[in-house]
Amino acid sequence: MRIATWNVNSVKQRMPRLLPWLEQRRPDVVCLQETKLTDEAFTSLLAAPLAELGYEVASHGQGQWNGVALLSRVGLADVERGFAGQPDYDGRAEARAISATCGGVRVHSLYVPNGRTPDSDHYVYKLAWLAALGDIVAAGPADAVVCGDVNIAPTDADVFDPAAYAGHTHVTAPERAALAALMDAGLRDVVRDRWPGERVFSYWDYRAGMFHQDLGMRIDLVLASGPVAGRVRAAWIDREARKGKLPSDHAPVIVDLDVAPDGDIGPMVPPPSAPRRGARGVRLPQAR
DNA sequence: ATGGTTGCGCTGCAA
């Protein structure tokens, strides 16, 4: 079973990239983030082309901002939009989480709040949101994957230059502690497990040629519970999807599990491109 | 060059 997660930064704008990518990589389960469409708009735009590719679909969107979705060719049962105890922001619930059971695994597609700046109320919201999510995951099924844009680089190895991020969100100790607490439920960061010490990023700012210089961060994760982590046969970031015309600013993460319910392990995949040299002294764009 | 991009949607905000 192949599971992928991708922050598409508007699924409407990304349709010309998403649909060919689905045909090329043929994931069985896809977690999408930043769909930026209401459920009605998602259905009218995407239900038919996705059904053509064999996917059942569940979305949880609000239009303009946020929005998550799940696509599955191995079943999509017990869909839950949001989660019990999910904090509001500014008095409103945001569309940042959807989960379902696909091929026997509880799959979460998450768009963790950005946090904006460490002194903001959005940062407080981010930490509370992660704590509430942790309670749900810890109480959930033993076979689970927590996928998505977590807006946290787990370690300094997950950013191109730690100094460039000093004082910014995504790298602060409380954020990393919140992620570690979530993972205390027994989750493994399966891409890092597969590529220890490698330069592996999933996000590059659109500005200033950051992708061209490979100045990025790894903030899109697949966190697998122990039983699922033991089935991982490949785990990589599909950097090709960040190249070319009209890309998202995030690349997909792809994880292959063996012993899917139908017995099909799916096609094998090439490894990521060779790691690049680090870069120092590059100034970070003001916003991410 | 205190810069640079994209998306949403129409003015500036979010990322």
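All chains are named by letter (A, B, ...) in the order of the sequence lines, taking the proteins before the strands, and each is independently numbered beginning at 1. Hydrogens, waters and symmetry mates are skipped; everything else that's a heavy atom, side chains included, is used.
Here side-chain hydrogen bond (donor to acceptor under 3.5 Å, both in side chains) pairs that include residues 127-154 of chain A, with residues two or more places apart or in two chains, are A:Asn7-A:Asp149, A:Asn151-A:His170.
Atom NZ of A:Lys245 is separated from atom P of B:dG7 by 14 Å (rounded to the nearest Å). Rounded to an integer number of Å, the gap from A:Gln13 CD to B:dA14 C1' is 16 Å. We find that CZ of A:Arg242 is positioned 13 Å from P of B:dT5, with the value rounded to whole Å. Rounding to whole angstrom units, CD of residue A:Gln33 and P of B:dG7 are separated by 17 Å. The CG-C1' distance, from A:Asn114 to B:dG7, rounds to 15 Å in whole Å. Distance A:Tyr89 OH to B:dC13 C1': 12 Å, rounded to the nearest Å. Straight-line distance from the CG atom of A:Leu37 to the C1' atom of B:dG9: 14 Å, rounded to whole Å. The separation between A:Asp249 atom CG and B:dA14 atom C1' is 11 Å, rounded to whole Å.
OP1 and OP2 of B:dC13 both lie 4.0 Å or more from every side-chain N or O belonging to A:Arg116. Neither OP1 nor OP2 of B:dC13 sits under 4.0 Å from any side-chain N or O of A:Gln64. Residue A:Ser10 places at least one side-chain N or O closer than 4.0 Å to OP1 or OP2 of B:dC8.
Nucleic acid contact for A:Phe211: none, since no nucleic acid atom lies under 4.0 Å from a heavy atom of the residue.
Projected onto DNA chain B by closest heavy-atom contact, A:Asn7 and A:Lys36 fall at different nucleotides, the more 5' of which corresponds to A:Lys36.
Nucleotides B:dG7 and B:dG3 are separated by 22 Å at their P atoms, to the nearest Å. B:dG9 and B:dA14 have their P atoms separated by 14 Å, with the value rounded to a whole Å. If you take atom P in B:dA1 and the same atom in B:dT6, they sit 22 Å apart, rounded to whole Å.
Between A:Ala235 and A:Trp195 the shortest heavy-atom distance is O-NE1, 2.7 Å.
Within a 6.0 Å sphere centred on CZ of A:Arg188, heavy atoms belonging to other residues, nucleotides or ligands number 12 at most.
The nucleotide whose nearest atom lies closest to any side-chain atom of A:Ala208 is, among B:dT5, B:dC8, B:dG4, B:dG4.
A:Tyr203 and A:His250 have tilted rings, their planes meeting at an angle from 30° to 60° on a 0 to 90° scale.
Under 3.5 Å, the side chains of A:Ser248 and A:Arg14 contain no donor-acceptor pair of N or O atoms.
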